[in-house]
Participant: 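Can you keep this structure in mind? I'll have questions shortly.
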Amino acid sequence: MAWVLLVVAGLLEVGWSIGMKFTEGFTRLWPSVFTGLGIVASMLLLSHAAKTLPIGTAYGVWVGIGAAGAAVVGMLVLNEPVTAARIFFVCLLLVAVVGLKATSGH
């Protein structure tokens, strides 16, 4: 169950990190509210997952999902540059996430 919570927390991190783009420096009310709720929910799920998973693994996987997801959403939805180098490094992040899970002992 901890892994499910952690993946959902990571997906929420993708949502709130992309949401920050729409807050315009937290000057727009509703994007700011949804972003704030996403941050809180993501952190709560991360903290529950970290009760049973090693914190280095939990945090690393959470950050990896968030960073890779935000980069992919940025490229696919926000018209950010799509280059071979960016795709390579997103793949490298995903390899690191899988590696952390595989070596966590859980």
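All values reported here derive from a predicted model rather than from experimental measurement.
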Participant: State, to 0.1 Å, how close A2 and A49 come at their nearest heavy-atom pair, and which atoms those are.
Facilitator: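 A2 and A49 have their closest heavy atoms at O-CB, 3.5 Å.
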
Participant: Over all heavy atoms of both residues, which pair between L12 and G38 is shortest? Give the atoms and the distance, please.
Facilitator: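 Closest approach of L12 to G38, heavy atoms only: CB-O, 4.2 Å.
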
Participant: How about E13 and L46: do any of their side-chain heavy atoms sit closer than 4.5 Å?
Facilitator: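 Side chain of E13 against side chain of L46, heavy atoms only: no contact under 4.5 Å found.
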
Participant: With heavy-atom distances below 4.5 Å as the criterion, would you say the side chains of L6 and L45 are in contact?
Facilitator: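 L6 does not reach L45 side chain to side chain.
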
Participant: Can you name the nearest heavy-atom pair linking L93 to A68, along with the distance?
Facilitator: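 Heavy atoms only, the tightest pair is CD1-N, 3.9 Å.
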
Participant: Do L94 and V98 make a side-chain contact, defined as non-hydrogen atoms from C-beta onward lying under 4.5 Å apart?
Facilitator: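 No, side chains not in contact.
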
Participant: At what distance, to the nearest 0.5 angstrom, does CH2 of W16 lie from OG1 of T23?
Facilitator: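 Reported to 0.5 Å precision, the distance equals 11.0 Å.
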
Participant: Looking at V61, T57, V7, which hits side chain to side chain contact (heavy atoms under 4.5 Å, CB included) with V97?
Facilitator: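 Single pass found, and it is V61.
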
Participant: With clusters defined by side-chain heavy atoms of hydrophobic residues (ILVMFWY) lying less than 4.5 Å apart, directly or transitively, does L44 cluster with F34?
Facilitator: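 Per the 4.5 Å side-chain linkage, F34 and L44 are not co-clustered.
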
Participant: Please find the pair of heavy atoms, one from A58 and one from L53, that lie closest to each other, and give the distance.
Facilitator: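 Nearest pair, atom of A58 first, then L53: CB-CB, 4.3 Å.
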
Participant: Find out if a path of hydrophobic residues (ILVMFWY) with successive side-chain heavy-atom gaps under 4.5 Å connects L5 to I65.
Facilitator: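 The answer is no; the residues belong to distinct hydrophobic clusters.
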
Participant: Within a strict 4.5 Å, meaning less than it, do heavy atoms of the T35 and F22 side chains meet?
Facilitator: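 Side-chain contact under 4.5 Å: no.
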
Participant: Treat each ILVMFWY residue as a node, draw an edge where side-chain heavy atoms are under 4.5 Å apart, and state whether F26 and L29 are in one component.
Facilitator: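 Different clusters: F26 never reaches L29 through Ile, Leu, Val, Met, Phe, Trp or Tyr contacts under 4.5 Å.
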
Participant: With hydrophobic residues grouped by side-chain heavy-atom distances under 4.5 Å, do V63 and V8 end up in a single group?
Facilitator: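 No.
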
Participant: Which heavy atom in S42 sits nearest to a heavy atom in A9, and how many Å separate them?
Facilitator: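 Minimum heavy-atom separation between S42 and A9: OG-O, 2.8 Å.
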
Participant: Do Y59 and L100 have side chains that get closer than 4.5 Å, going by heavy atoms?
Facilitator: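 Not in contact.
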
Participant: Roughly how far apart are M1 CE and T52 OG1, rounded to 0.5 Å?
Facilitator: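 The CE atom of M1 sits 10.5 Å away from the OG1 atom of T52.
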
Participant: Applying a strict under-4.5 Å side-chain criterion to I, L, V, M, F, W and Y, I'd like to know whether V4 and W62 cluster together.
Facilitator: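 No, no single cluster joins them.
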
